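Accompanying notes for the structure given below.
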Protein chains: 2
Amino acid sequence: MRDGITMQATETRQKRGADWLAGAGLRPTRQRVALAALLIGDGKDRHVTAESLYAASCDSGEKVSLATVYNTLRAFCEAGLMREITVDGSKSYFDTNTSNHPHFFWEDDAHLTDAPAEELKIAQLPQAPEGAEIAKVDVVIRLRPARG
Amino acid sequence: MRDGITMQATETRQKRGADWLAGAGLRPTRQRVALAALLIGDGKDRHVTAESLYAASCDSGEKVSLATVYNTLRAFCEAGLMREITVDGSKSYFDTNTSNHPHFFWEDDAHLTDAPAEELKIAQLPQAPEGAEIAKVDVVIRLRPARG
DNA sequence: TTAAGTGCAAATTATTTGCAGTAAG
DNA sequence: CTTACTGCAAATAATTTGCACTTAA
């Protein structure tokens, strides 16, 4: 073990992943535990696409098919463990932080990060039209490299 | 002419469409004028998908291929005549209202409408991280049918 | 044992593109 | 005339699905 703080034993990360699954009543299969470990193993929030998570799992040496990555991300969302974020028409992003919060979308390399929720203050929101109610408000702050 | 107010002559609508194109320096081909007439012919803002606009053009009797609808919507966006809105991972929406304003997304039938910009008051926005600047802030208010 | 999960390859959906023909300036 | 536009059909890209096989409970 080269680094006691940042490099956790794989077993620890997998334990956390398994617990996370158990909390949602999901069957802890080898591939789900592996993906869960990659997603929340170090306790940090993460934003992934199916492709990026698939790449990460390949890198980590775990063998999980791309179809399973897709199915698993869907299952995690349905179980309330993750949230799907819509920012770019072409692909779907998934966030391990399920609280309601704004996002930064970096237009130059199309990646997503959390924006500090406490810095966003909405003083007034348009009211929902008759017969409808607000399900969710999505705020995406698109960023580009600063000029100069 | 059955209705002098709501039913405008096709020529009038097409004239408007042609002017709109001319204002952006786009060549007024038959298909562009037809699509433009459908989009802004009556002066109202409109939200379309490539498919919905294609369907509308078929209904109106104009013959425009789906590929051309896609290419034309892109061209209109590049020319600044329309704005692309990202709300649903699966398809792209296009808005004839190019001002910065929030949207209502009706989850039950996946359609989009404008939300009143004056009713949205953002008191504070997260500041852009070092080296980045805010290009745009997208606000999408997701609606579901009110319970009951 | 048995219902749920997995992996592959084929299917779908939204969108783009190559290219030959058509039309606008 | 000359370059941009159009339409078709084929190509892509992201994602889903059918189905035989595996595995957790």
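None of these values were measured; they are calculated from a predicted model. Quick note: numbers below take in every heavy atom, side chains included, and nothing from hydrogens, waters or symmetry partners. Every chain is numbered from 1 and lettered A, B, ... according to where its sequence line falls, protein lines coming before strand lines.
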Any B/S65 side-chain N or O less than 4.0 Å from OP1/OP2 of D/dT6: no
Any A/Q31 side-chain N or O less than 4.0 Å from OP1/OP2 of C/dG7: yes
Rounded distance (Å) that lies between atom C1' of D/dT23 and atom CZ of A/R32: 12 Å
Closest to side chain of A/T29, choosing from C/dG5, D/dT15, C/dA14: C/dG5
Sugar-phosphate only, base, or nothing, as touched by A/S92 at under 4.0 Å among non-hydrogen atoms: sugar-phosphate
Distance in angstrom units between A/L35 CG and C/dG7 C1', rounded: 14 Å
Comparing B/Y70 and B/R30 on DNA chain C - which has the more 5′ nearest nucleotide: B/Y70
Beyond-backbone contact of A/D95 with A/L112, side-chain heavy atoms, under 4.5 angstrom: no
Closest contact, heavy atoms only, A/A110 versus A/Y93: O-OH, 2.6 Å
Between C1' of D/dA14 and CD1 of A/I85, the distance in whole Å: 18 Å
Listed nucleotide nearest any side-chain atom of A/V64, set C/dA14, D/dC8, C/dG7: C/dG7
Earlier contact from the 5' end, DNA chain C, for B/L66 and B/R27: B/L66
A/E133 atom CD, neighbour heavy-atom count above 12 within 6.0 Å: yes
Note, B/K136 side chain near A/F105 side chain (heavy atom, < 4.5 Å): no
Options C/dT15, D/dG7, D/dT15, nucleotide nearest the side-chain atoms of A/A50: D/dT15
Selected nucleotide, minimal atom distance to A/T72 side chain, candidates D/dG7, C/dT6, D/dC5: C/dT6
